[in-house]
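Here's the structure, in structure tokens; my notes come after.
Both counts, for ligands and for their atoms, begin at 1 and track the order of listing. As a basis for the values below, the full set of heavy atoms in this structure was taken, side chains included, without hydrogen atoms, waters or symmetry mates.
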Amino acid sequence: MDNRQIVLESLPQGKLSPDHFRLQTAPRPQPEDGQVLVRTRYISLDAANRAWMQGATYRSALQAGDVMAGGAVAEVVESRAEGLKPGDLVFADTGWQDYAAVKAAGLSKLPDLQPLTHLISVYGVAGLTAYFGLIECGRPQAGETVVVSAAAGSVGSIAGQIARLKGCRVVGIAGGAEKCDWLKSELGFDEAVDYKAGDVRRALRAACPQGIDVYFDNVGGEIFEAALFGMNNFGRIACCGAVSQYDGAAPSHGPRGVPGLIVTKRLGVRGFIVSDFYDRTDIALAELRGWVESGALKVQEDVIEGLENTPAALVGLLAGENRGKRMVKVV
Ligand code: NAP
């Protein structure tokens, strides 16, 4: 009845490495009244996992010695709560471990659809973040130019495709020629900019001759700044995240043009957390499902096997190893 756990051994000061974690074995937890015992099936790897080590965000900061936090699709194995029974699938903050006792309040039973991995990618946080960030914050209109950064990642690859499905011209920003080619040849992006190849501001200008109407920002920092200079008047920026700022020391200077360009261009800049829109999840899932089932939206998943490989998988995600949604199959 052992429970393997990945513990965050020490908080990184610079770049995260697998050495910041350790694997330990503890007894399997016992659920209390109102809790369920779940077995972790697929752990979602998220850029935000690293941001939680920097300080409090929409959740409290991680501390050295904590079992590493993280969301997962998990199966109920024992229930001491109404409404959930063994065999039910839920999405829960299990942490990086085989078993967790979690409060049942707030958990909802997931549909038993195949492949199960889609519950983490397109029908999970990644797909909903892409959908709500683009539709609610970006408000794209057909014919407009939409730019998406971290475009080959889980949120970005879906956000860009939704923009295309809404009739926009879509430009992705990603690291490396291979990812950029893939965005165009497989996902239907109109253009792609390799931010590792040089002057992003100039490359964006060439890729967006009509300027940028909507920028879906996953990375912050210099790429945010480059996009800002290319924005059209009354453009909208959906601030989804800032992965370029997560894995290291705090930046010593901020993007130029803030707030000057925001004012003169009358930009709408809106940060959001996906849960802001959870009351509209059914609408989003219905539309996403229609696109996936008709083949209009391609779902790219990157599944790593084995709980013990989770630390290296997160380090690799931050280094851009992944294409689409990275997750770890535990069982
Ligand atoms: P992801 O996009 O699947 O993977 C992260 C990607 O970021 C990597 O593949 C890498 O691709 C890129 N990257 C890493 N360092 C970079 C840098 N310095 N500059 C530019 N690109 C860099 O990860 P994700 O978990 O889906 O997260 C994407 C963004 O969505 C993050 O900012 C995250 O915080 C945000 N997010 C927000 C919400 C919300 O509710 N607001 C919810 C979920 C996720 P390259 O090879 O292209 O560098």
Give me the nearest non-hydrogen protein atom to [atom] as residue plus atom name, then the distance to 0.1 Å.
{"atom": "atom 47 (O) of ligand 1", "value": "Gly175 N, 2.8 Å"}
{"atom": "atom 23 (O) of ligand 1", "value": "Ala47 CB, 4.0 Å"}
{"atom": "atom 38 (C) of ligand 1", "value": "Thr129 CG2, 3.5 Å"}
{"atom": "atom 5 (C) of ligand 1", "value": "Leu317 O, 4.0 Å"}
{"atom": "atom 36 (N) of ligand 1", "value": "Cys240 SG, 3.6 Å"}
{"atom": "atom 13 (N) of ligand 1", "value": "Val243 CG1, 3.8 Å"}
{"atom": "atom 4 (O) of ligand 1", "value": "Asn322 ND2, 3.4 Å"}

>> Around atom CD of Gln114, are there more than 12 heavy atoms from other residues, nucleotides or ligands closer than 6.0 Å?
In response: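 More than 12 heavy atoms, drawn from other residues, nucleotides or ligands, come within 6.0 Å of this atom.
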
Check ligand 1 against [X] and write out every atom of the ligand that is under 4.0 Å from a heavy-atom position of the residue.
{"X": "Gly153", "answer": "1 (P), 2 (O), 3 (O)"}
{"X": "Ala174", "answer": "47 (O)"}
{"X": "Asn218", "answer": "29 (C), 30 (O), 31 (C), 32 (O)"}
{"X": "Leu318", "answer": "14 (C), 15 (N)"}
{"X": "Ser244", "answer": "17 (C), 18 (N), 19 (N)"}
{"X": "Gly320", "answer": "8 (C), 9 (O), 10 (C), 11 (O), 46 (O)"}
{"X": "Asp46", "answer": "25 (O)"}

> When you measure from the side chain of Arg201 to the backbone N and O of Ala226, does any donor-acceptor pair fall under 3.5 Å?
Replying inline: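 No; zero donor-acceptor contacts below 3.5 Å.
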
>> Main chain of Asn218, side chain of Ser149: is a donor-acceptor contact present, judged purely on distance under 3.5 Å?
In response: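 Answer holds: yes.
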
> Are any of the heavy atoms in Ala126 under 4.0 Å away from ligand 1?
Replying inline: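 Distance cut 4.0 Å: Ala126 fails for ligand 1.
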
Among [options], whose heavy atom sits nearest [atom]?
{"atom": "atom 44 (C) of ligand 1", "options": "Val219, Val155, Val274", "answer": "Val155"}
{"atom": "atom 22 (C) of ligand 1", "options": "Phe132, Tyr246, Tyr195", "answer": "Tyr195"}
{"atom": "atom 3 (O) of ligand 1", "options": "Gly124, Ser154, Ala159", "answer": "Ser154"}

Interatomic spacing from [atom1] in [X] to [atom2] in [Y] - rounded to 0.5 Å:
{"X": "Leu119", "Y": "Ser44", "atom1": "CG", "atom2": "OG", "answer": "11.5 Å"}
{"X": "Tyr99", "Y": "Arg4", "atom1": "OH", "atom2": "CZ", "answer": "9.5 Å"}
{"X": "Leu183", "Y": "Glu191", "atom1": "CG", "atom2": "CD", "answer": "11.0 Å"}

> Closest approach of Ile135 and Pro140, non-hydrogen atoms and distance?
Replying inline: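 For Ile135 versus Pro140, the nearest heavy atoms are CA-CD, 4.2 Å.
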
How does [X] reach ligand 1, by side chain, by backbone, by both or by neither, if only non-hydrogen atoms under 4.0 Å count?
{"X": "Ile173", "answer": "neither"}
{"X": "Ala242", "answer": "backbone"}
{"X": "Lys179", "answer": "side chain"}

>> For Phe277 and Phe132, take the angle between the two ring planes, folded into 0 to 90°, and tell me which bin it lands in: parallel under 30, tilted 30 to 60, perpendicular over 60.
In response: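 Parallel: the ring planes of Phe277 and Phe132 meet at under 30°.
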
> Is any N or O atom of Leu45, backbone or side chain, closer than 3.5 Å to an N or O atom of ligand 1?
Replying inline: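 No; every N/O pair is 3.5 Å or more apart.
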
> ligand 1 and Phe272, any nitrogen or oxygen pair closer than 3.5 angstrom?
Replying inline: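 The answer is yes, given that Phe272 and ligand 1 share an N or O pair closer than 3.5 Å.
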
> Run the side-chain hydrogen bond (donor to acceptor under 3.5 Å, both in side chains) check on Glu301 and Thr117 step by step: do they pass?
Replying inline: CA-CA 8 Å; Glu301 296 174 334; Thr117 50; 2.7 Å; yes

> Listed by chain and number, what are the side chain to side chain contact (heavy atoms under 4.5 Å, CB included) partners of Arg59, not counting sequence neighbours?
Replying inline: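 Counting only residues at least two positions away or on another chain, Arg59 forms a side chain to side chain contact (heavy atoms under 4.5 Å, CB included) with Trp52, Thr57, Ala69, Asp93.
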
>> With a 4.0 Å cut-off on N to O distance, would you call Glu144 and Lys166 a salt bridge?
In response: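 No, Glu144 and Lys166 are not salt-bridged.
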
>> Between Glu178 and Arg323, does any side-chain N to carboxylate O distance fall below 4.0 Å?
In response: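 Salt bridge: yes.
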
> Looking at Tyr246, is Arg50 sitting on its ring face, NZ or CZ under 6.0 Å from the six-membered ring centre and within 45 degrees of the normal?
Replying inline: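 Because its charged atom misses either the 6.0 Å distance or the 45° angle limit, Arg50 does not stack over Tyr246.
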
> Residues two or more places apart in sequence or in another chain: which of them pass side-chain hydrogen bond (donor to acceptor under 3.5 Å, both in side chains) with Glu136?
Replying inline: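 Expected list: Arg280.
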
